[in-house]
2 protein chains.
Amino acid sequence: MADDPWQPPLILLAVDLVILTLRDAHLHVLLVERGVDPFLGVLALPGGFLRDEHEHIEAAARRELAEEAGLYDVHLESLGVYGEPGRDPRGRVVSVAYLAIAPRLPDPVAGTDAAHASWTPVDDALAHATKLAFDHRRILTDGVERARGKLEYTALATAFCAETFTISELQQVYEAVWGVQLDPRNFYRKVQGARGFIVADGPMRKTPNGRPARLFKAGPVHELNPPMTRP
Amino acid sequence: MADDPWQPPLILLAVDLVILTLRDAHLHVLLVERGVDPFLGVLALPGGFLRDEHEHIEAAARRELAEEAGLYDVHLESLGVYGEPGRDPRGRVVSVAYLAIAPRLPDPVAGTDAAHASWTPVDDALAHATKLAFDHRRILTDGVERARGKLEYTALATAFCAETFTISELQQVYEAVWGVQLDPRNFYRKVQGARGFIVADGPMRKTPNGRPARLFKAGPVHELNPPMTRP
DNA sequence: CAAATAGTGTCTTTAAGACACTATTTA
DNA sequence: TAAATAGTGTCTTAAAGACACTATTTG
């Protein structure tokens with residue numbers, strides 16, 4: 001009982017990414033087809049192990065974001081820890097999940113590291129017929145729920161938009177992520193009333209036929225007051 | 001370039017606990033004085049390494065809750081991951097922080113494992129003069145902020161109360177955690193109006209001199225509607 | 001002109017917050 | 001009786017949500 005040979009266990013640390021974007025007014029998530037065991041050939045969230053003992057966890061997430069999705073400078077926030085023993089047959093793996101929000105971008109280019117990645121409608125990815133590797137269904141569910149909640153009281157919606165955007169584009173973000181229809185006139189007043197949410201930027205954007213749309217960019221405020229409320 | 005000797009790094013996984021309770025109408029946190037290096041003698045959050053490769057992370061948190069605080073069956077939720085390289089001189093340690101909320105209980109009993117733990121007012125623990133081990137100041141700050149936020153839209157406040165409680169006890173929770181004064185009459189109507197938040201339980205509780213207080217227990221609803229709003 | 005977005009007005013309902021007041025049940 | 005909690009009434013203000021309406025700027 002004097003000297004104890006006990007040593008804490010060593011584990012493997014991974015990062016997994018829920019990368020959301022808007023395409024055709026629908027919420028999409030980036031999925032990859034796994035190229036190695038376990039779950040070879042199965043759809044999974046992008047992710048990987050820490051590169052070395054000195055890498056910051058968030059730096060690993062940004063590295064995967066670049067390597068697997070070709071994305072830089074997008075919104076990234078920590079989502080949670082997923083570390084059930086037995087979730088990975090290779091040993092005790094604990095994964096730190098991150099939520100990334102990207103504006104609509106060109107498709108992953110064939111021939112790059114990101115070639116095996118593809119944007120999938122979130123509804124399809126979470127359909128019961130779809131199989132996801134590990135506990136990635138749960139992580140994806142949690143990520144979508146986080147995004148839904150944060151649209152209410154933060155300016156996260158602007159992370160789905162390009163540098164400049166119109167108010168109706170911003171409205172589409174809310175409608176797609178929440179899965180609801182909003183009144184454009186009340187929406188207009190609400191975003192304009194939340195001071196610091198969006199600020200006018202540049203001239204106008206031409207529309208096919210009609211008055212051109214005003215352009216805005218994200219304002220300095222990240223906490224919305226008053227908040228946008230989910231119907 | 002064919003076979004790569006690269007292996008992902010092995011890391012140590014710890015859990016740290018922000019255990020909050022109410023004492024004398026003030027928010028307190030359980031701190032321990034570290035008995036080993038690093039930070040020997042410095043105040044720290046209770047916590048420790050995973051016991052073995054098969055232990056669930058939340059089970060480790062519950063084990064520490066029992067060992068270091070003598071607490072069972074309290075509210076426990078995951079708070080986040082803290083894994084800066086260099087936060088622990090023993091090597092790469094990644095800590096999963098948990099937030100626990102306990103009703104007021106007798107002090108830790110001398111002679112048990114929990115004897116070196118003590119309830120400290122959160123304001124003191126976060127005072128600039130107070131030194132906390134590792135990044136525990138940040139974890140504590142995040143835990144308190146989480147509790148403040150969740151009081152608004154969840155029934156978390158009941159976790160600070162004993163099995164049964166009076167409405168004014170519940171009000172004290174809000175006042176202590178938010179650091180504000182609330183109108184008892186409006187508070188009364190608001191908690192009664194949030195259906196499922198609290199339900200009547202048992203008879204009355206005698207007061208030193210005056211009408212006895214009605215007793216309630218936590219209701220079945222965890223998401224408050226309408227939410228309690230922070231002034 | 002039609003089409004599309006910009007922007008206002010107004011009504012109803014809900015809730016927050018301030019505060020006066022009455023009712024009940026004990027020592 | 002005083003003390004303490006229970007519970008109601010009412011006023012003001014803010015905001016959500018529905019919806020009609022006018023204004024502007026293009027092809």
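First the proteins, then the strands, lettered A, B, ... as listed; each starts at 1.
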State, to 0.1 Å, how close Arg214(A) and Ala200(A) come at their nearest heavy-atom pair, and which atoms those are. NH2-CB, 3.7 Å
Using a cut-off of less than 4.0 Å, is there contact between a side-chain N or O of Tyr188(A) and OP1 or OP2 of dG7(C)? yes
Qualifying ring pair (Phe, Tyr, Trp, His ring centres under 6.0 Å) pairs, either residue in residues 192-223 of chain A, two or more places apart: none
Return the 5'-most residue of the pair Pro212(B), Pro231(B) with respect to DNA chain C, ranking by each residue's nearest nucleotide. Pro231(B)
Dump the pairs, protein N or O against N or O of nucleotides 12-16 of chain C, anything under 3.5 Å, distances to one decimal.
residue	atom	partner	partner atom	Å
dA16(C)	OP1	Pro227(B)	O	3.3

Candidates Val177(A), Leu224(A), Ile101(A) - the one meeting side-chain contact (heavy atoms from CB on, under 4.5 Å) with Leu156(A): Ile101(A)
Whole Å only: how far is the [atom1] atom of [X] from the [atom2] atom of [N]?
X         : N       : atom1 : atom2 : result
Arg211(A) : dA23(D) : CZ    : C1'   : 7 Å
Phe187(A) : dA15(D) : CZ    : P     : 17 Å
Glu169(B) : dA6(D)  : CD    : P     : 10 Å
Leu182(A) : dT5(C)  : CG    : C1'   : 17 Å
Leu170(A) : dA6(C)  : CG    : C1'   : 16 Å
Phe165(B) : dT5(D)  : CZ    : P     : 16 Å
Ile167(B) : dA4(D)  : CD1   : P     : 18 Å
Asp183(B) : dT8(D)  : CG    : P     : 15 Å

Whichever of Arg230(A) and Ser168(B) has the more 5' nearest nucleotide on DNA chain D, that residue is Ser168(B)
Summarise how protein sits on nucleotides 9-14 of chain D as a single string, 5' to 3': B when a protein heavy atom is under 4.0 Å from the base, S for sugar-phosphate-only contact, - for no contact. BB----
Verify the distance criterion only: is there a donor paired with an acceptor across the side chains of Ser95(A) and Asp16(A) at less than 3.5 Å? yes
Under 4.0 Å between a side-chain nitrogen and a carboxylate oxygen: does that hold for Asp24(B) and Arg104(B)? yes
Thinking salt bridges, do Arg146(A) and Asp142(A) make one under a 4.0 Å N-O criterion? no
Ring pair (Phe, Tyr, Trp, His ring centres under 6.0 Å) involving Tyr174(B) - partner list, sequence neighbours excluded: Trp178(B), Phe187(B)
From C-beta outward on Arg214(B), which listed nucleotide comes closest to its side chain: dA6(D), dC19(D), dA6(C)? dA6(D)
Which atom pairs, donor and acceptor, lie under 3.5 Å between side-chain atoms of residues 56-63 of chain A and protein residues at least two apart or in another chain?
residue	atom	partner	partner atom	Å
His56(A)	NE2	Glu84(B)	OE1	3.2
Arg62(A)	NH1	Val74(A)	O	3.4
Arg63(A)	NE	Glu55(A)	OE2	2.7
Arg63(A)	NH2	Phe49(A)	O	3.2
Arg63(A)	NH2	Glu55(A)	OE1	3.0

List for me each residue that meets side chain to side chain donor-acceptor pair (under 3.5 Å) alongside Thr158(B), sequence neighbours excluded, and say none if there are none. none
